[in-house]
Colleague: 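Let me begin by handing over the structure; questions about it come next.
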Amino acid sequence: MTESTIRIGVVLPEVLGTYGDGGNAVVLQKRLEWRGISSEVVSIGLGQPVPSDLDIYLLGGGEDAAQGLATENLRANPGLQQAAGRGATVLAICAGMQILGEWYTDASGNHVAGLGVLDARTFPQGKRSTGELVSTPLVPGLTDLLTGFENHGGATELGPDARPLGRVLHGDGNAVGDPLSDGAVQGGIFGTYMHGPALARNPQFADFLIMRASGLDSLQPLDLPTVDKLRGERLDAAGISIGAE
Ligand code: GLN
């Protein structure tokens, strides 16, 4: 393994893996491999110390009970908070994003202190948002529409230190405000309600995370017709033509 190996942490897949978000690690690893860049996926299990020196951290979604367990574990093993503090790249999906916030209240009314690295608060929206989620990215460097599948009961409100990842075109995203927005960006943290695994259908976002984590300012383009097809199909399912990009 060389010094330039990109180390990708999959955080608590036993409890934050319900929605297939672990596939994002496979997407990142393949996109690196196809460019001849070595990578290592580090799976961080319940009760294990969280390394603070990884390049990219991936947190997925989870049901409320699993989410509570994940929050407790990450509070007891604070490597992720240290990594976020030094600006490491973090992709946090749904429950993962909620956990990084100041607090969240789950569907049963349990009020849980989050890790406090993201200026966001989550509360029950009184319904469940499920279906295709599409947004226009609001982050410099991202131009392609963002597409994923949302499935959550929480609504997430951002404070002044966080800004949304995208402006919602279809679906609910953070489910507060008008216009609706999705996700939260603060330092190296990128939170979103897009499951999928979302990076499979958002190649530009995947490469954006790789570039941020590796310090590379460009990557060799990849010609992947199946990814374009998947992306086109999913945007079509949301009633958005790929030509809108
Ligand atoms: N339990 C959380 C909610 O319903 C997160 C769900 C998820 O990660 N998909 O809002």
Side-chain angles (χ1 to χ4, degrees), residues 9-25 27 43-46 57-75 80 84 90-135 146-159 162 164-166 168 170-177 180-185 189-202 205 234 237-238:
V10 180
V11 181
L12 307 181
E14 310 99 310
V15 279
L16 297 179
T18 320
Y19 302 88
D21 302 315
N24 288 322
V27 174
S43 183
I44 302 152
L46 280 171
Y57 294 79
L58 301 175
L59 286 83
E63 288 149 352
D64 287 359
Q67 181 173 343
L69 200 56
T71 312
E72 263 172 46
N73 247 264
L74 293 172
R75 201 173 304 114
L80 176 63
V90 180
L91 174 65
I93 296 173
C94 204
M97 170 171 72
Q98 297 176 4
I99 290 170
L100 296 186
E102 297 296 327
W103 53 258
Y104 66 86
T105 303
D106 69 18
S108 316
N110 299 308
H111 188 76
V112 182
L115 303 184
V117 292
L118 192 57
D119 194 1
R121 288 147 283 282
T122 298
F123 44 87
Q125 50 166 313
K127 67 166 179 109
R128 208 160 178 84
S129 295
T130 51
E132 295 295 325
L133 171 60
V134 182
S135 72
L146 295 163
T147 158
F149 188 89
E150 63 181 332
N151 182 359
H152 57 104
T156 299
E157 198 168 62
L158 307 186
L165 176 68
V168 170
H170 188 276
D172 292 331
N174 295 344
V176 279
L180 291 168
S181 58
D182 173 56
V185 179
I189 301 175
F190 299 85
T192 177
Y193 273 108
M194 293 184 297
H195 293 292
L199 296 183
R201 38 167 136 163
N202 293 288
F205 189 28
R234 297 328 304 160

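Values reported hereafter were calculated over all heavy atoms of this structure, with side chains retained and with hydrogens, waters and symmetry mates removed. We count ligands from 1, going down the list as the structure has it; atoms in each ligand are counted the same way.
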Colleague: Is the distance between the ring centroids of His195 and Phe149 under 6.0 Å?
Modeller: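 Ring-ring flag for Phe149/His195: false, centres at least 6.0 Å apart.
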
Colleague: Between Thr147 and Arg201, is there a side-chain donor-acceptor contact under 3.5 Å, judged purely by atom types and distance?
Modeller: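 Looking only at side-chain atoms, Thr147 and Arg201 do form a donor-acceptor pair, the distance falling under 3.5 Å.
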
Colleague: Side-chain contact test, heavy atoms from C-beta onward, threshold under 4.5 Å: evaluate it for Tyr104 versus Asn110 and give yes or no.
Modeller: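 A side-chain contact under 4.5 Å is absent here.
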
Colleague: Filter on side-chain hydrogen bond (donor to acceptor under 3.5 Å, both in side chains), then keep only pairs touching residues 111-126, sequence neighbours left out; what's left?
Modeller: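 Every pair satisfying side-chain hydrogen bond (donor to acceptor under 3.5 Å, both in side chains) with a residue in residues 111-126: Thr105-His111, Asp119-Arg121, Thr122-Thr156, Gln125-Ser129.
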
Colleague: Looking only at side chains, do Asp182 and Thr192 share a donor and an acceptor under 3.5 Å apart?
Modeller: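 Short answer, yes.
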
Colleague: Show the nearest heavy-atom pair for residues Asn202 and Leu146, with the distance to one decimal.
Modeller: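 Residues Asn202 and Leu146, closest heavy atoms: OD1-CA, 3.2 Å.
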
Colleague: Considering only heavy atoms, which protein residues lie less than 4.0 Å from any atom of ligand 1?
Modeller: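 Ligand 1 pocket, heavy atoms under 4.0 Å: Tyr19, Gly61, Gly62, Asp64, Gln67, Cys94, Ala95, Gln98, Arg128, Asn151, His152, Gly153, Gly154, His195.
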
